[in-house]
Protein chains: 2
Amino acid sequence: MLDQKPNKTEDQHTDLLRQFHLRPTRQRLALADLLFNGPCRHVSAEQLRLETKNKGINMSLATIYNTLNQFTKVGLLHEINLDNNVTYFDTNTDHHHHFFDPKTNKLIDIPRDAISLNALPDAPDGHDVERVDVIIRLS
Amino acid sequence: MLDQKPNKTEDQHTDLLRQFHLRPTRQRLALADLLFNGPCRHVSAEQLRLETKNKGINMSLATIYNTLNQFTKVGLLHEINLDNNVTYFDTNTDHHHHFFDPKTNKLIDIPRDAISLNALPDAPDGHDVERVDVIIRLS
DNA sequence: AACCCTATTTAAAATCGTTCTAAACTGCTT
DNA sequence: AAGCAGTTTAGAACGATTTTAAATAGGGTT
């Protein structure tokens, strides 16, 4: 009933965006609000389009894509690609792993240290290991 | 110089396709030849379109997609999706893992037992573990 | 070999997710 | 308030993949 109250985190998001030299526009703040308030999320551009629409926020799908890509570039999000050729964005940018349910296309985070990955093979000549992703596919 | 000699594996491929109730058509045999003769491969539909074209084999891209999907459905191929929203098909259907070079979009197989995956977390309620994919992203 | 039935192939259109374009708008500095 | 660069936008364009409906080709039967 206190929805007049200004969103407590809006100023934080403004600061956050400025840190990355992104102007805190209405649209970017709206998406930051959806992405960075609650618990970690795995969302597609289309999902966010629906969420903004449902909240009465007017913004074009192109802006959603632009923003997600910018957030990804500065490290606020991580990109994940799965079976269906839809790009998902993970608000958890820590090194971690995932359960994946192909039925629902839902991802569940697995903390990094919940999986012990010892004895990794050496990277091929001329390469380094940048990251190790474990995806546990569920049925 | 013996290219008149009938492809020694064509009969094997014919048998293989019949096992899965797929008619051994000219197109499917051509793709089986490209896929299942040499060492394991990771190919996209577009790559196969080029290869068939270069060999003078006439077949539509739709057929390549149809065939790859059919082969996948019966278990002759495995699908892999990476950063670029292109579907790759892996002729190695054993449980194994991959190096991935994002620069070239190339995959390199890692034998299953080259990575020790102990202490996997339990699958969420109502689910089983179907498969575990490890992707070592290179730089 | 001719016939038939169904599976398969095909070109073309359609679809889907995503990016690009060029014009309008807006945050920020002066 | 003015101006400029950064941002948003609608719509077109794009690339990968699927669908459509019509033509073709396996493979069995006569």
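Lettering of chains follows the sequences in order, A, B, ..., and the numbering in each one begins at 1.
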Could you please name the option among [options] that lies closest to any side-chain atom of [X]?
| X | options | answer |
| --- | --- | --- |
| A/R18 | D/dT17, C/dC28, C/dT8 | C/dC28 |
| A/R23 | D/dT17, D/dT8, C/dG27 | C/dG27 |
| A/P24 | C/dT10, C/dC28, C/dT8 | C/dC28 |
| A/Y65 | D/dT17, C/dT8, C/dG17 | C/dG17 |
| B/T67 | C/dT9, C/dG27, C/dT8 | C/dT9 |
| B/A45 | C/dA7, D/dT17, D/dT9 | D/dT17 |
| A/V86 | D/dT18, C/dT8, C/dG17 | C/dG17 |

With ring centroids as reference points, do B/F71 and B/F36 lie under 6.0 angstrom apart?
->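 Under 6.0 Å, so yes.
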[X] near the nucleic acid: base, sugar-phosphate alone, or nothing, with a heavy-atom cut-off under 4.0 Å?
| X | result |
| --- | --- |
| B/N58 | sugar-phosphate |
| A/S44 | nothing |
| B/N66 | base |

Expressed as a whole number of angstroms, how long is the span from [X]:[atom1] to [N]:[atom2]?
| X | N | atom1 | atom2 | value |
| --- | --- | --- | --- | --- |
| A/E46 | C/dT19 | CD | P | 14 Å |
| B/I80 | D/dT17 | CD1 | C1' | 18 Å |
| A/L82 | D/dA16 | CG | P | 19 Å |
| B/L17 | C/dA7 | CG | C1' | 14 Å |

Determine: side-chain N/O of A/T87 to OP1/OP2 of C/dG17, distance under 4.0 Å, yes or no.
->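 False: A/T87 side-chain N/O out of range (4.0 Å or more) of C/dG17 OP1/OP2.
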Verify the neighbour count for atom CG of A/D94: are there more than 12 heavy atoms of other residues, nucleotides or ligands below 6.0 Å?
->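 Check passes, neighbour count above 12.
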Start at the 5' end of DNA chain C and walk down; is the nucleotide closest to A/Y88 or to B/T63 reached first?
->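 Going by which nucleotide is closer to the 5' end, it is B/T63.
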Can a salt bridge be assigned to the pair B/E51 and B/R41 using a cut-off of 4.0 Å between side-chain N and carboxylate O?
->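 The answer is yes: the pair qualifies as a salt bridge.
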State whether the side chain of A/H98 and the backbone N or O of A/I108 hold a donor-acceptor pair below 3.5 Å, judged by distance alone.
->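 No, A/H98 side chain to A/I108 backbone: no donor-acceptor pair under 3.5 Å.
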Which value, rounded to the nearest 0.5 Å, describes the distance between B/L31 atom CG and B/T25 atom OG1?
->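 These two atoms lie 8.5 Å from each other.
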